[in-house]
Amino acid sequence: MSQTVDRALSILPLLAEGPADLGGVAERLGVHKSTALRLLRTLHEHGLVYRQSDQRYRLGARLFALAQEAMENLDIREIAHPHLVALNEECGHTVHLAVHEENEVLYIDKVDSRYPVRMYSRIGKPVALTVAAVAKLLLADLPEAERRALAEGLDYPPYTSRSTPHAAAFLRELEKVREQGWATDLGGHEESINCVAAPVRGADGRVVAAMSVSAPNVVVTAEELLALLPKVRRTADAISGEYSGRTPASPAGPPSPAAPGAAAPAGPQGKDTP
């Protein structure tokens with residue numbers, strides 16, 4: 001039964017790439033066409049896939065309805081969105097909100113930059129755990145044993161020369177983030193993208209989400225982006241206060257000139273993993 005469920009669920013990301021016929025689905029799953037047809041029929045009955053007139057299958061409307069319902073029930077997103085919009089209107093850069101679910105950190109909201117050079121991040125997309133500023137904040141809040149086990153089980157892709165190289169370095173970075181209460185990604189995922197992030201906390205003080213401002217260095221330098229940190233922290237504190245029902249704390253002052261990282265060299269527009 002678990003294998004059947006696994007195979008059926010594997011069809012959904014496959015069809016997210018675009019419509020596919022029965023043979024294509026069977027080939028991707030590595031099963032006989034009769035097995036693939038049985039799975040597709042079950043998904044079709046539940047509205048999760050739809051068979052087009054050309055006999056190809058695509059994702060069904062019910063799946064989008066469920067996704068929308070789930071997003072609407074994420075209270076933190078509903079509370080945070082007006083604050084994200086206000087910060088975006090003030091600074092002009094891309095603003096994200098992310099949460100930690102299972103072993104992934106996912107974007108649950110995004111407000112695009114007003115500048116022509118746009119970020120390619122998407123709501124619902126996982127971030128690069130070992131470099132993204134929002135991921136550092138969310139993972140830094142985990143209990144030490146859980147934090148260490150997670151760090152030691154991750155891969156450390158060398159996205160750039162500034163990427164986190166190994167578990168020991170990542171654990172040091174998480175400890176630093178935990179102590180200072182904010183995080184950065186200065187060219188760690190792409191050399192041309194910089195990001196600053198702050199935590200959103202619940203009534204118990206635990207980090208329930210993280211928000212960030214990011215921009216390519218063809219728009220602002222890393223130092224100029226770091227100068228926005230007080231505004232980012234004020235926004236995160238306002239969201240925390242509204243979410244938890246308590247008065248938000250006063251944000252810390254701007255980072256010193258010795259704040260971590262430096263401006264990255266100019267480069268093409270990128271993926272953006274704040």
Side-chain angles (χ1 to χ4, degrees), residues 96-108 119-121 125-202 204-217 221-223 225-229 232-233 236 240 252-265 267 270-274:
H96 287 98
L97 183 71
V99 296
H100 183 210
E101 291 187 358
E102 300 295 334
N103 293 320
E104 293 183 323
V105 171
L106 306 169
Y107 299 123
I108 60 171
M119 306 294 101
Y120 291 138
S121 55
K125 180 181 178 182
V127 309
L129 288 180
T130 60
V131 291
V134 289
K136 293 174 186 176
L137 282 164
L138 289 158
L139 301 183
D141 195 58
L142 295 174
E144 183 178 0
E146 187 176 348
R147 196 163 70 237
R148 180 171 297 278
L150 185 147
E152 292 175 349
L154 291 174
D155 293 324
Y156 292 84
Y159 300 109
T160 74
S161 61
R162 301 180 183 185
S163 299
T164 309
H166 46 67
F170 191 47
L171 286 168
R172 288 195 297 270
E173 177 71 7
L174 293 184
E175 184 59 35
K176 177 181 178 181
V177 167
R178 188 180 179 91
E179 291 177 359
Q180 68 189 16
W182 50 275
T184 63
D185 170 15
L186 303 179
H189 192 224
E190 285 197 80
E191 291 185 355
S192 61
I193 303 295
N194 298 309
C195 173
V196 294
V200 175
R201 300 182 184 274
D204 60 358
R206 297 295 303 277
V207 177
V208 296
M211 58 149 300
S212 64
V213 170
S214 55
N217 56 29
T221 66
E223 286 87 353
L225 196 66
L226 281 166
L228 295 176
L229 181 60
V232 176
R233 299 190 76 177
S240 300
S256 68
K271 295 187 283 292
D272 185 23
T273 55

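For the numbers below, each heavy atom of this structure counts, side chains included, while hydrogens, waters and symmetry mates do not. Please read these numbers as outputs of a predicted model, since none were measured by experiment. Numbers for residues simply follow the sequence, beginning at 1.
- Counting all heavy atoms, side chain and backbone alike, A98 lies closest to V105 at CB-CG1, 3.9 Å.
- Atoms CD and CG, from E191 and N217 in turn, are 9.0 Å apart once rounded to the nearest 0.5 Å.
- Once rounded to the nearest 0.5 Å, the distance linking NE2 of H100 with CG of L129 reads 7.0 Å.
- At distances below 3.5 Å, not a single donor-acceptor pair connects side-chain atoms of N194 with backbone N or O atoms of A215.
- The minimum heavy-atom distance between T160 and G188, with the atom names listed, is OG1-O, 3.5 Å.
- Here the closest heavy-atom approach between residue K136 and residue A183 is recorded as CB-CB, 4.1 Å.
- Taking CG from L229 and CD from Q180, the interatomic distance works out to 8.5 Å, rounded to the nearest 0.5 Å.
- No donor-acceptor pair under 3.5 Å is formed between the side chain of K125 and the backbone N or O of Y107.
- What you find for A209 and V99 is that their closest heavy atoms are CB-CG1, 4.0 Å.
- Once rounded to the nearest 0.5 Å, the distance linking NE2 of H189 with SG of C195 reads 12.0 Å.
- Between the D204 side chain and the R206 main chain, a donor and an acceptor come within less than 3.5 Å of each other.
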Quiz prompt | Residues I193, D185; criterion side-chain contact (heavy atoms from CB on, under 4.5 Å); working and verdict | solution = CA-CA 8 Å; I193 303 295; D185 170 15; 5.7 Å; no
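- Counting all heavy atoms, side chain and backbone alike, A222 lies closest to L186 at CB-CD2, 4.2 Å.
- Atom CG of L139 sits about 11.5 Å away from atom CZ of R178, to the nearest 0.5 Å.
- The minimum heavy-atom distance between A132 and V127, with the atom names listed, is CB-CG2, 3.8 Å.
- In this structure, the separation between OG1 on T184 and CD on E173 is 6.0 Å, given to the nearest 0.5 Å.
- The shortest distance between side-chain heavy atoms of V213 and L225 falls below 4.5 Å.
- The backbone N or O of R201 lies less than 3.5 Å from a partner atom in the side chain of S240, making a donor-acceptor pair.
- Atom CD of E144 has 12 or fewer heavy atoms from other residues, nucleotides or ligands within 6.0 Å.
- Remark: aromatic rings of Y156 and H166 are distant, center separation not under 6.0 Å.
- Looking only at side-chain heavy atoms (C-beta outward), E175 and R147 come within less than 4.5 Å of each other.
- Remark: side-chain polar atoms of T164 are paired, donor with acceptor, to backbone N or O of T130 under 3.5 angstrom.
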